[in-house]
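The structure appears below as structure tokens.
Each chain gets a letter, A, B and so on, in the order the sequences are listed, and its residues count up from 1. Note that these values count all heavy atoms, side chains included, but never hydrogens, waters or copies made by symmetry.
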Protein chains: 2
Amino acid sequence: MRVTIKDVARECGISAATVSLVLNDKECRVSEATRAKILRIAAEMNYRPNHFAVGLVTRKTHTIGLIVPDVGNFHFAEMSKAIEQECRNNGYIVILGSYGESDEQAYAYFKEFIDKGVEGIIFAKPMLVELSEKDRQCFALAESASIPVVTFEPVEVQATVGVVSYDYEAGGYLASKHLIDLGHRRIGCLTGPDNMISSVARREGYKRALAEAGIPFDPTLLYEGDFAVQSGIEALPHLLGQGVTALFTFNDMMALGVYKAARQYKLKIPTDLSIVGFDDTFLNEILEVPLTSVTHPADSLGKESAKRMLSLIRGEASYEGSLFPPTLMVRGSSVRLRV
Amino acid sequence: MRVTIKDVARECGISAATVSLVLNDKECRVSEATRAKILRIAAEMNYRPNHFAVGLVTRKTHTIGLIVPDVGNFHFAEMSKAIEQECRNNGYIVILGSYGESDEQAYAYFKEFIDKGVEGIIFAKPMLVELSEKDRQCFALAESASIPVVTFEPVEVQATVGVVSYDYEAGGYLASKHLIDLGHRRIGCLTGPDNMISSVARREGYKRALAEAGIPFDPTLLYEGDFAVQSGIEALPHLLGQGVTALFTFNDMMALGVYKAARQYKLKIPTDLSIVGFDDTFLNEILEVPLTSVTHPADSLGKESAKRMLSLIRGEASYEGSLFPPTLMVRGSSVRLRV
DNA sequence: CTGTTAGCGCCTTCAA
DNA sequence: TTGAAGGCGCTAACAG
């Protein structure tokens, strides 16, 4: 059985209340002598407060919940790491939930985490344009428990939701403009699911760049993928059929799929086809033809979300949400169109 | 304020003790009628027991701690995911710690997690041949708190440590034998740090395969890497200087580095150089020349470790440790030596 | 400056 | 078959 505050008190010949006072740095009122003594003895006895007892009375747990679709995924893995570090540096620990594909599962985590007394939840879900019923329930649950939630995309719910977002539209614009500037006119677009906020935004950016350059938007150049490698493999033949000379894929994984398929078709990247990806994963530098890509810094986003969370917990709601700007990393996969 | 057991009791016109009894499925002693009523009302009121109150009295938290070097890393990300899932399926949640490079940090996590009342810790640290002082302290801490620890490599400490291990030696053997069978005699070996159990084991496997084939062991064919891409880049020129025709890298990341360097040297893989990696990450299929690699299933290892943990917690210490066997995925990067 | 007194919400005897 | 009482370890208010 661990040493309790009473043990320390007894050892000091003093009351538990005073020990508590000192150990929690409450406004002094305690003589330097006893304070020092308490500190010394507590350390000697290796006293560590019981988390449950403290939680029971203070309702503070110094724990935040992190819910992601898949920790096994690059982006979320890095993000988790950053969140974890930032929280830790501020005395918080992170409990983790990977909900896979299921909204039910995510909801179950919300419930469980709230039961466990998390002080806030970072919900790293790529949101749909139309929030699902379950999603709403998640936010409602958090609200009824009055704990803050941080998401990475704007959601219109009345709960205390902080948003740390990324400018997907600008990212889409940047990638497309880059290809246009290189002389490409028929630019294929391998999108994510059409009901996903971040995918729609990227597409808007693509359209804006086209419009600005006076290139008519051709819907047949769009191919709806699902962010997995396989999408890239499937998309390429279709888009080649449309005579594209360049391709903007909404993430790097799909670009990898395109690389793979391109080899089958004996297509040379970038001479036969320029490609721009999105996410700028570390792989891009290692590929035989390094992939030009839009940065999407999981670590910065994660860190910021954790900061946001902490400030929400502290009630500094004033802390304004940040919109991360994209930048483009130009590498070998995108070149000027040969005429 | 959430609904408490007293609220439920009042609503039922019954005592809190009885409600507790029913809700925890304690040996009946309660009439079916009241039991049903309690259950119904508790559900209606959406009663959820207070985790801290429960923890305070039962000392059960249904939480396990997971400590990894880096969640951002592929292998550990996948492993975390598997652990998380298995735990969840058994009613446990996972709190996460990513200790980076520092043993201090890992120790700090041990301390914190134990304070938070975890029932066990999965310590996914690639162990050194010689345990560090801090490592020992970690195990000692867990032992003094009498909570079980699961590691992925054998450690000789007297604490309650379960081991879920992987046969690195056999993996090293498999990779090397494959290259030998293809006619290679001068096989470079890009190792991990020499003080790492798993690296030493792979090297032993490599030596065993050589010995078996009657090829003398040549230490100049060894290059000590650190499992990062950069190591591969640096190792290649050195090993080429030794006239190797094939290369066994102790993980896939370093193999990627070799690929990258090989392009600079205008070296064709596999015709000029055969390569076998280790870990069999999903990337290997996507590379321009798919990488032959030894499987090292993070998910199975993770799942098994979670199972092991749970059985240790339940006191079923009999549950024997498992030694995962390696298999070789042969792909395009390794071919018969041309004479 | 320090101690006493009450709980926080729940579970577990023990008595009825 | 049920209820009352005590206590888990800690903190917060109020006395001294």
Side chain of [X] only, please: which of [options] is the nearest?
X: Asn50(B); options: dT4(C), dG9(C), dT11(D); value: dG9(C)
X: Thr58(A); options: dT4(C), dG3(D), dT11(D); value: dT11(D)
X: Lys6(B); options: dG3(D), dC11(C), dC8(C); value: dC8(C)
X: Ala17(B); options: dT12(C), dT4(C), dG9(D); value: dT12(C)
X: Thr18(B); options: dT2(D), dT2(C), dC10(C); value: dT2(D)
X: Val57(B); options: dA12(D), dG3(D), dC11(C); value: dC11(C)

Rounded off to whole Å, could you give me the [atom1]-to-[atom2] distance for the [X] and [N] pair?
X: Lys60(A); N: dT11(D); atom1: NZ; atom2: C1'; value: 14 Å
X: Ile5(A); N: dG3(C); atom1: CD1; atom2: C1'; value: 13 Å
X: Arg35(A); N: dT2(C); atom1: CZ; atom2: C1'; value: 13 Å
X: Asn24(B); N: dC10(C); atom1: CG; atom2: C1'; value: 9 Å
X: Phe52(B); N: dC11(C); atom1: CZ; atom2: P; value: 15 Å
X: Leu21(B); N: dT1(D); atom1: CG; atom2: C1'; value: 10 Å
X: Leu23(B); N: dC11(C); atom1: CG; atom2: P; value: 8 Å
X: His51(A); N: dC8(D); atom1: NE2; atom2: C1'; value: 15 Å

**Report entry** Gap between atom CD1 of Ile122(A) and atom CG of Leu66(A) - 0.5 Å precision
**Finding:**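 Spacing of CG (Leu66(A)) from CD1 (Ile122(A)) equals 6.0 Å.
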For residues 10-18 of chain A, which side-chain N or O atoms pair as donor and acceptor with protein atoms under 3.5 Å away, sequence neighbours left out?
unit_1, atom_1, unit_2, atom_2, d
Arg10(A), NH2, Asp7(A), OD1, 3.0
Ser15(A), OG, Ala17(A), N, 3.4
Ser15(A), OG, Thr18(A), N, 3.3
Ser15(A), OG, Thr18(A), OG1, 3.2

[N] phosphate, OP1 or OP2: any side-chain N/O from [X] under 4.0 angstrom?
X: Arg59(A); N: dG9(C); value: yes
X: Thr4(A); N: dG9(D); value: no
X: Thr34(A); N: dT2(C); value: yes

Query - Residue whose nearest DNA chain D nucleotide is more 5′ - Leu56(B) or Ser15(B) - result: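 Closer to the 5' end of DNA chain D: Ser15(B).
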Query - Modelled atom types, side-chain donor and acceptor of Glu84(A) and Ser98(B), under 3.5 Å - result: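 Not at all, the side chains of Glu84(A) and Ser98(B) share no donor-acceptor pair under 3.5 Å.
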Query raised in the report: Do you know which two heavy atoms are closest between Lys116(A) and Ile95(A), and how far apart they sit?
Result: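 So the two residues come closest at CB-CD1, 4.5 Å.
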Query - Minimum heavy-atom distance Ala145(B)-Ile114(B), with the two atoms named - result: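 Result for this residue pair: CB-CG2, 3.7 Å.
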Query raised in the report: If you fit an axis to the five pairs at each end of the helix from dC1(C)-dG16(D) to dA16(C)-dT1(D), how big is the angle between those two axes, to 10 degrees?
Result: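 About 40°, once rounded to a multiple of 10°.
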Report task. Check the angle between the aromatic planes of His62(A) and Tyr92(A) and answer parallel, tilted or perpendicular using the 30° and 60° thresholds. Result ->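 If you compare the ring of His62(A) with that of Tyr92(A), the planes turn out tilted.
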Requested in this report: Using the six-membered ring wherever Trp is involved, compare the ring planes of His296(A) and Tyr166(A) and label them parallel, tilted or perpendicular (cut-offs 30° and 60°).
Outcome: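 Geometry flag for Tyr166(A) against His296(A): tilted rings.
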Under 3.5 Å, sequence neighbours excluded: what are the donor-acceptor pairs made by side chains of residues 67-78 of chain A?
unit_1, atom_1, unit_2, atom_2, d
Asp70(A), OD1, Gly72(A), N, 2.7
Asp70(A), OD1, Lys81(B), NZ, 3.2
Asp70(A), OD2, Lys81(B), NZ, 3.4

